[in-house]
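Every chain is numbered from 1 and lettered A, B, ... according to where its sequence line falls, protein lines coming before strand lines. Note that the coordinates shown come from a computational prediction; the quantities given were computed from them, not determined experimentally.
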Protein chains: 2
Amino acid sequence: MPGHPRTPSAKARRPAPFALPYTTVDVVLFTIREGALHALLARRPRTPGEPYPGLWALPGGFVDVDRDEDLLACARRKLSGKTGVRSAYFEQLGGWGGRRRDPRGWSSTHVYIALAASDGLELRSGGNAEEVAWFAVGEGGQRGRLAFDHAAILAAAIERLRAKVEYTSLPAFLLAEPFTLPQLQRAYEIILGRALDKSSFRTRMLDAGFLAEAGSIDGEGNRPAMGYRIRDRDAPAIFPRTFRAREDSSP
Amino acid sequence: MPGHPRTPSAKARRPAPFALPYTTVDVVLFTIREGALHALLARRPRTPGEPYPGLWALPGGFVDVDRDEDLLACARRKLSGKTGVRSAYFEQLGGWGGRRRDPRGWSSTHVYIALAASDGLELRSGGNAEEVAWFAVGEGGQRGRLAFDHAAILAAAIERLRAKVEYTSLPAFLLAEPFTLPQLQRAYEIILGRALDKSSFRTRMLDAGFLAEAGSIDGEGNRPAMGYRIRDRDAPAIFPRTFRAREDSSP
DNA sequence: TTAATAGTGTCTATGAGACAGTATCAA
DNA sequence: TTGATACTGTCTCATAGACACTATTAA
């Protein structure tokens, strides 16, 4: 976790009369690139004393008691250090904590899911020149090992995203505005891994009322489509049904 | 946070080269009592140095690096110290952390929602003789002040519960087994604050397949009802629709 | 028989999915 | 005109809600 605070202490703070766990914040940033769902990973430094040197991990690290006002501010700081994200949607995924997840001792992490468009994103390799890269979220098993318990965290993030895509407008936060309804439908289909009906998709999105028209967008040699923006970027819309309400009722 | 570790240190553990936040775990235990949703609260000790003396707070406290294997184990320990819960359903609610939420310094908490039947529950006042009590979850504003940011956490827990009740089998975890479908429906109606149709409720619950028959249960001077148990106590069932798919479409 | 609650059947409205058809652009 | 994509209409089917009806117990 490069860039974590090295200041020996902070202000006049009495040390606790008992051992404290480490507190970290990690971020799973999703985007859509090249027709596939991707997550951002950062390579662990090879500095002596750092665990899992050279392995890929989620961007994140220790809470800085002096710089971070709260958990969300910490998450934003961790992410903006790796990439110039302008406005991402943040949502808490959960907490992981225990004796064994970090070789340095008992630690707990607060994990955020972040969603952003990949268009204008530039990956910065930060001051410590760590490597940062997008990894396609495959269907089956993950690519190589990840540091700490980050493979489990990433899997949980993917599971949560897939589940919520069934009944929320989350994929809209993965697109650059303004976007068209066919683009949005493609985002849904990429994450769900299955095709959706065009007609019902459109009525569903428009009836939910979370989109605002933003002028038409020219296609390439075809009919232009209406562009849309998200009305409220702070919260996704929630649909009253999941997509596949239909079940295979085989006798 | 009574009962938190007072051991000066733990094993041979190097102190961190930077200031660490405090790490706590808090639990929002819900139950149904006297026809209303209740949450468990514990009174803060009046020991000198403890913040918010005498105020009500969520049961919880510092992670004990020596005793707690992970976050969930810590949550179970915090809860079983206050009440003899046999088997409660646990689910992570989220994390709260920041500079100002605890006057002692930067702290973060991992909050769990727990659901249990109130029938056999006996509230223990623990070794420190702290007071523990059920509080009805009112519709409007909360009762008195709560310690820390626990009023906001409790509000978030209620909001999460109300939201998930629309499309999950969570209320079943608030009942003692075996329970009947009318009892389950009453639990739903109490949390949702509105009546549900009997017929559609029954088909919905039975079709979801999360219930197992457990013999009939005699009523008092009326027709006995079928008793049910939860098939899988580790995870709730998820329905493909919310209850109120119907919207008021006034022109 | 009555009271009380458990459980079922029947009708209707809603909306998702299937899919055919129309609209609008460039070349 | 063709090709390509955007968008709409029409049909069907599943199911939630409304509500009337039947079932089973004790007194």
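- Taking CD of B/Gln92 as the start and CD of A/Gln92 as the end, the distance is 9.0 Å to the nearest 0.5 Å.
- Ring geometry for A/Phe210 versus A/Phe239: interplanar angle of 30 to 60°, hence tilted.
- In this structure, the CZ atom of B/Phe239 is 17 Å from the C1' atom of D/dA14, given to the nearest Å.
- Among all heavy-atom pairs drawn from B/Leu184 and B/Leu175, the shortest one is CA-CD1, 3.6 Å.
- If you take CG of A/Asp218 and C1' of D/dC7, they are 16 Å apart, rounded to a whole angstrom.
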Please table the atom pairs, donor to acceptor, closer than 3.5 Å between any side-chain atom in residues 214-230 of chain B and protein atoms at least two apart or in another chain.
| unit_1 | atom_1 | unit_2 | atom_2 | d |
| --- | --- | --- | --- | --- |
| B/Asn222 | OD1 | B/Glu220 | N | 3.2 |

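- Using a 30° and 60° split on the angle between ring planes, A/Phe243 and A/Tyr188 fall in the perpendicular class, above 60°.
- Residues passing the side chain to side chain donor-acceptor pair (under 3.5 Å) test with A/Ser108 are B/His110, sequence neighbours excluded.
- A 4.5 Å side-chain heavy-atom check between A/Leu206 and A/Leu181 finds at least one atom pair inside the cut-off.
- For the segment residues 221-231 of chain B, the set of residues with a heavy atom within less than 4.0 Å of an atom of DNA chain D comprises B/Gly221, B/Asn222, B/Arg223, B/Pro224, in numerical order.
- Results of the side-chain contact (heavy atoms from CB on, under 4.5 Å) test with B/Tyr89 over B/Ile113, B/Asp234, B/Leu170 single out B/Leu170 as the only residue that passes.
- Atom P of nucleotide D/dA16 and atom CZ of B/Arg194 are separated by 14 Å, given to the nearest angstrom.
- The shortest non-hydrogen separation linking B/Glu131 to B/Trp56 is O-CZ3, 3.7 Å.
- For the segment residues 176-186 of chain A, the set of residues with a heavy atom within less than 4.0 Å of an atom of DNA chain C is empty.
- B/Ile217 has its CD1 atom 14 Å from the P atom of D/dT25, to the nearest Å.
- Interface residues of residues 196-208 of chain B facing DNA chain C, ordered by number: B/Lys198, B/Ser199, B/Arg202; criterion, heavy-atom separation under 4.0 Å.
- B/Leu211 approaches B/Arg231 most closely through the heavy-atom pair O-NH2, 3.2 Å.
- Taking atom CZ on A/Arg241 and atom P on C/dT14, their separation rounds to 11 Å, with Å as the unit.
- Pairs of residues two or more places apart, or lying in two chains, that qualify as side-chain hydrogen bond (donor to acceptor under 3.5 Å, both in side chains) and include a residue from residues 189-215 of chain A are A/Glu166-A/Arg194, A/Gln185-A/Glu189, A/Asp197-A/Ser200.
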